Undergrad: 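So that we are looking at the same thing, I have put the structure below in structure tokens.
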Amino acid sequence: MKIDVYGAIFFDLYIFGDKPHESKIYEMPGGSGFNIAYLLYKLGYDVHFNSFLGDDFKGEYIYNIIPFKNIERKKEKTATFISKNDIPIAVERKINDSAFDKLEKKSNIAVITTELSKKELIKIEKLNYETIFFDIGPRPFISNDIFSNAIVFGTEKECEYRECDIIKMGIKGIKYKDKIFESNGSKAKYKTGLGDIFDAFFIHYYLKTNNIESSIIKAISKVEKVLYVPGPYNKIINLIR
């Protein structure tokens, strides 16, 4: 099955530890759009991932290790995300406000995040996808008035900006139509990327069953398997070997 995904790809740098010479450092591709696209790819979908990479060494490194070769290269710095002890400390995202040279609809299904500019999101809306999954993170404030026919995801805070169909509540679980689907109550050691993991598995199960509630339950169970795995990319590799 073909799926078009629109979002960002970052060079992720995760630092764990408080003593410089005793730290652990992980470098990997990331970004909500990429995490969702890559997990769907690993699940067997034909994914057309629409995003941007710079013309620097980080862009070249990422381009050579990922399966998505249609990503547009720009004369910009590759987007970078830096986290210490699972808390973001720096994000450089300028390239994600670029315009696509060419937007091609390859499927009737789209997955979209607000990592891109609103101008590009409006262009994507005009492609008239039949089925749309819209995660309004990380910039929910640009999500209003677009993709009114989408299944909308967001965290509790993000969904203050726009009504969501599926609300991600962290350790409390998922809320859908005033019903809470509880998690097992285990606290995640490494939270970053868990929402993206949920999105991708929900989409996977929903496309197979067309049942939102059962898809939520199954996606939660997958997320619970990687609460102690650092970094979204590592989480995906751990889930789909």
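Hydrogens, waters and symmetry mates are skipped; everything else that's a heavy atom, side chains included, is used. Only a predicted model underlies this, so the values are computations on that prediction, with no experimental measurement involved.
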Undergrad: For atom NZ of Lys69, decide whether the heavy atoms of other residues, nucleotides or ligands shown that lie under 6.0 angstrom number more than 12.
TA: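 Atom NZ in Lys69 is packed in, count exceeds 12.
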
Undergrad: To the nearest 0.5 Å, what is the distance between CD1 on Ile236 and OH on Tyr41?
TA: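 Between Ile236 CD1 and Tyr41 OH, I get 12.5 Å after rounding to 0.5 Å.
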
Undergrad: Taking the basic N atoms (NZ, or NE/NH1/NH2) and the acidic carboxylate oxygens, is any pair closer than 4.0 Å for Glu213 and Lys179?
TA: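 Salt bridge between Glu213 and Lys179, a charged N being under 4.0 Å from a carboxylate O: yes.
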
Undergrad: Is the number of heavy atoms from other residues, nucleotides or ligands within 6.0 Å of NZ (Lys105) greater than 12?
TA: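 Enclosed: over 12 neighbouring heavy atoms sit under 6.0 Å from NZ of Lys105.
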
Undergrad: Give every residue pair that meets the ring pair (Phe, Tyr, Trp, His ring centres under 6.0 Å) criterion with at least one member in residues 75-108, sequence neighbours excluded.
TA: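 Listed by first then second residue: Tyr14-Phe81, Phe52-Phe100.
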
Undergrad: Search all heavy atoms of Leu53 against all heavy atoms of Gly59 and return the closest pair with its distance.
TA: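 Shortest heavy-atom contact: CD1-O, 3.7 Å.
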
Undergrad: Closer than 4.0 angstrom, basic N to acidic O: yes or no for Glu92 and Lys77?
TA: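 Salt bridge flag = yes for Lys77 with Glu92.
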
Undergrad: Closest approach of Asn96 and Ala79, non-hydrogen atoms and distance?
TA: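 What the structure gives for the nearest pair is ND2-CB, 3.7 Å.
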
Undergrad: Is it true that Lys58 and Thr80 share a donor-acceptor pair across their side chains at a distance under 3.5 Å?
TA: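 There is such a pair (donor and acceptor under 3.5 Å, judged by atom type) between the side chains of Thr80 and Lys58.
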
Undergrad: Nearest 0.5 Å please: distance from the OG atom of Ser32 over to the CG atom of Asp196.
TA: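 The CG atom of Asp196 is 3.5 Å from OG of Ser32, to the nearest 0.5 Å.
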
Undergrad: Can I get a per-line list of side-chain donor-acceptor pairs under 3.5 Å for residues 15-31, giving both atom names and the distance, sequence neighbours left out?
TA:
unit_1, atom_1, unit_2, atom_2, d
Asp18, OD1, Asn85, ND2, 3.0
Ser23, OG, Lys19, O, 3.0

Undergrad: What's the separation between atom CE in Met1 and atom CG in Leu40, rounded to the nearest 0.5 Å?
TA: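 These two atoms lie 10.5 Å from each other.
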
Undergrad: Enumerate the disulfide bond (SG atoms under 2.5 Å apart) contacts for residues 140-241, please, sequence neighbours excluded, ordered by first and then second residue.
TA: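 Residue pairs with at least one partner in residues 140-241: Cys159-Cys164.
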
Undergrad: Write down the atom of Gly154, the atom of Ile136, and the distance for their closest heavy-atom approach.
TA: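 The answer is CA-CG1, 4.2 Å.
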
Undergrad: Could you tell me whether the side chain of Ile9 reaches within less than 4.5 Å of the side chain of Ile62, counting heavy atoms only?
TA: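 They are in side-chain contact.
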
Undergrad: Under a single-linkage definition using a 4.5 Å side-chain heavy-atom cutoff for Ile, Leu, Val, Met, Phe, Trp and Tyr, are Ile171 and Val223 assigned to the same hydrophobic cluster?
TA: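 Cluster IDs for Ile171 and Val223 differ.
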
Undergrad: Going hydrophobic residue to hydrophobic residue with side-chain gaps under 4.5 angstrom, can you get from Leu39 over to Ile151?
TA: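 Yes, Leu39 connects to Ile151 through the hydrophobic network.
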
Undergrad: Name the orientation class of the two ring planes belonging to Phe181 and Tyr176 (parallel below 30°, tilted from 30 to 60°, perpendicular beyond 60°).
TA: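 Tilted: the ring planes of Phe181 and Tyr176 meet at 30° to 60°.
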
Undergrad: Determine whether Ile167 and Phe153 fall in the same hydrophobic cluster, where Ile, Leu, Val, Met, Phe, Trp and Tyr are linked whenever their side-chain heavy atoms lie under 4.5 Å apart.
TA: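 No, Ile167 and Phe153 fall in different hydrophobic clusters.
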
Undergrad: Would Ile220 and Ile203 show up in the same hydrophobic cluster when neighbours are defined by side-chain heavy atoms closer than 4.5 Å?
TA: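 Yes, Ile220 connects to Ile203 through the hydrophobic network.
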
Undergrad: Just checking Glu182: does its CD atom have more than 12 heavy atoms from other residues, nucleotides or ligands closer to it than 6.0 angstrom?
TA: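 Counting other residues, nucleotides and ligands, CD of Glu182 stays at 12 neighbours or fewer.
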
Undergrad: May I ask you to establish whether Arg93 and Phe10 are in a cation-pi arrangement, using a distance under 6.0 Å from NZ or CZ to the six-membered ring centre and at most 45° from the ring axis?
TA: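 Ring-cation test returns no.
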
Undergrad: Side-chain contact test, heavy atoms from C-beta onward, threshold under 4.5 Å: evaluate it for Glu158 versus Glu160 and give yes or no.
TA: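 No, side chains not in contact.
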
Undergrad: Whether the side chain of Asn238 engages the backbone of Asn234 through a donor-acceptor N/O pair (distance < 3.5 Å, no angle test) should be reported.
TA: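 Checking the backbone N and O of Asn234 against the side chain of Asn238, no donor-acceptor pair under 3.5 Å is found.
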
Undergrad: Step by step, work out the side-chain contact (heavy atoms from CB on, under 4.5 Å) result for Ile146 and Ile122.
TA: CA-CA 7 Å; Ile146 51 176; Ile122 291 170; 4.1 Å; yes

Undergrad: Quick one: ring-ring contact (aromatic ring centres under 6.0 Å, His included) partners of Tyr233, sequence neighbours excluded?
TA: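 Tyr233 satisfies ring-ring contact (aromatic ring centres under 6.0 Å, His included) with Tyr38 once adjacent residues are dropped.
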
Undergrad: State, to 0.1 Å, how close Ile36 and Ala200 come at their nearest heavy-atom pair, and which atoms those are.
TA: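 Looking at all heavy atoms of both residues, the closest pair is O-CB, 4.1 Å.
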
Undergrad: Would one find more than 12 heavy atoms of other residues, nucleotides or ligands at under 6.0 Å from atom CD of Glu163?
TA: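 Not more than 12 within 6.0 Å, no.
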
Undergrad: Using the test ring-ring contact (aromatic ring centres under 6.0 Å, His included), find all partners of Tyr206 that sit at least two apart in sequence or belong to another chain.
TA: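 With sequence neighbours excluded, Tyr206 shows a ring-ring contact (aromatic ring centres under 6.0 Å, His included) to Phe133, Phe202, given in chain and number order.
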
Undergrad: Is there side-chain contact between Thr192 and Pro232, with at least one heavy-atom pair below 4.5 Å?
TA: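 Contact flag for Thr192/Pro232 side chains = yes.
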
Undergrad: Is any side-chain heavy atom of Glu224 closer than 4.5 Å to one of Ser183?
TA: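 Side-chain contact under 4.5 Å: yes.
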
Undergrad: Between Phe68 and His48, does the ring centre distance come in under 6.0 Å?
TA: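 No, they do not, as the ring centres are separated by 6.0 Å or more.
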
Undergrad: Are any non-hydrogen side-chain atoms of Asn35 and Lys235 less than 4.5 angstrom apart?
TA: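 Side-chain contact under 4.5 Å: no.
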
Undergrad: Could you give me the CA-CA distance, side-chain angles and deciding distance for Lys175 and Asp178, then say whether side-chain contact (heavy atoms from CB on, under 4.5 Å) is met?
TA: CA-CA 6 Å; Lys175 186 175 182 181; Asp178 295 323; 3.8 Å; yes

Undergrad: Give the C-alpha distance, both sets of side-chain angles, the deciding distance and a yes or no for side-chain contact (heavy atoms from CB on, under 4.5 Å) between Leu13 and Ser83.
TA: CA-CA 6 Å; Leu13 181 66; Ser83 168; over 6 Å; no

Undergrad: Within a reach of under 6.0 Å around CG of Asp145, are more than 12 heavy atoms found that belong to other residues, nucleotides or ligands?
TA: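 Open.
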
Undergrad: According to side chain to side chain donor-acceptor pair (under 3.5 Å), does anything in residues 127-137 pair up with another residue at least two apart or in another chain? List the pairs.
TA: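 Sorted pair list: Asp4-Tyr129, Tyr6-Tyr129, Asp135-Lys168.
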
Undergrad: For residues Val152 and Arg162, report the shortest heavy-atom separation together with the two atoms involved.
TA: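 In this case the closest contact between Val152 and Arg162 is CG2-NH2, 3.8 Å.
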
Undergrad: How many angstroms lie between atom CZ of Phe134 and atom CG of Asp199, to the nearest 0.5 angstrom?
TA: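 That separation rounds to 12.0 Å.
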
Undergrad: Pick one: which of Asp101, Asp56, Asp97 meets salt bridge (charged side-chain N to carboxylate O under 4.0 Å, His left out) with Lys74?
TA: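 Checked Asp101, Asp56, Asp97 against Lys74; only one passes salt bridge (charged side-chain N to carboxylate O under 4.0 Å, His left out): Asp101.
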
Undergrad: May I have the step-by-step check of side-chain contact (heavy atoms from CB on, under 4.5 Å) for Leu207 and Tyr45, ending in yes or no?
TA: CA-CA 11 Å; Leu207 291 175; Tyr45 292 89; 4.1 Å; yes

Undergrad: Side-chain contact, heavy-atom cut-off 4.5 Å: Val229 with Tyr190?
TA: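 No, every pair of side-chain atoms sits at 4.5 Å or beyond.
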
Undergrad: Provide the closest heavy-atom pair for Met169 versus Ile174 in the form atom of the first, atom of the second, distance.
TA: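 Scanning both residues, the minimum pair turns out to be SD-C, 4.3 Å.
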
Undergrad: Could you tell me if the side chain of Phe147 sits less than 4.5 Å from the side chain of Leu121, heavy atoms only?
TA: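 Leu121 reaches Phe147 side chain to side chain.
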
Undergrad: Atom CD of Glu115 and atom CD1 of Ile95: how far apart are they, to the nearest 0.5 Å?
TA: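 Going from the CD atom of Glu115 to the CD1 atom of Ile95 covers 12.5 Å.
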
Undergrad: Check the hydrophobic clustering (I, L, V, M, F, W, Y; side-chain heavy atoms under 4.5 Å; chains of links allowed) and say if Ile112 and Ile166 are grouped together.
TA: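 Different clusters.
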
Undergrad: Looking at side-chain heavy atoms only, is the closest gap between Val5 and Thr113 below 4.5 Å?
TA: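 No, too far: nothing below the 4.5 Å cut-off.
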
Undergrad: Nearest 0.5 Å, please: how far is NZ in Lys126 from CD1 in Ile124?
TA: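 Ile124 atom CD1 to Lys126 atom NZ measures 12.0 Å (nearest 0.5 Å).
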
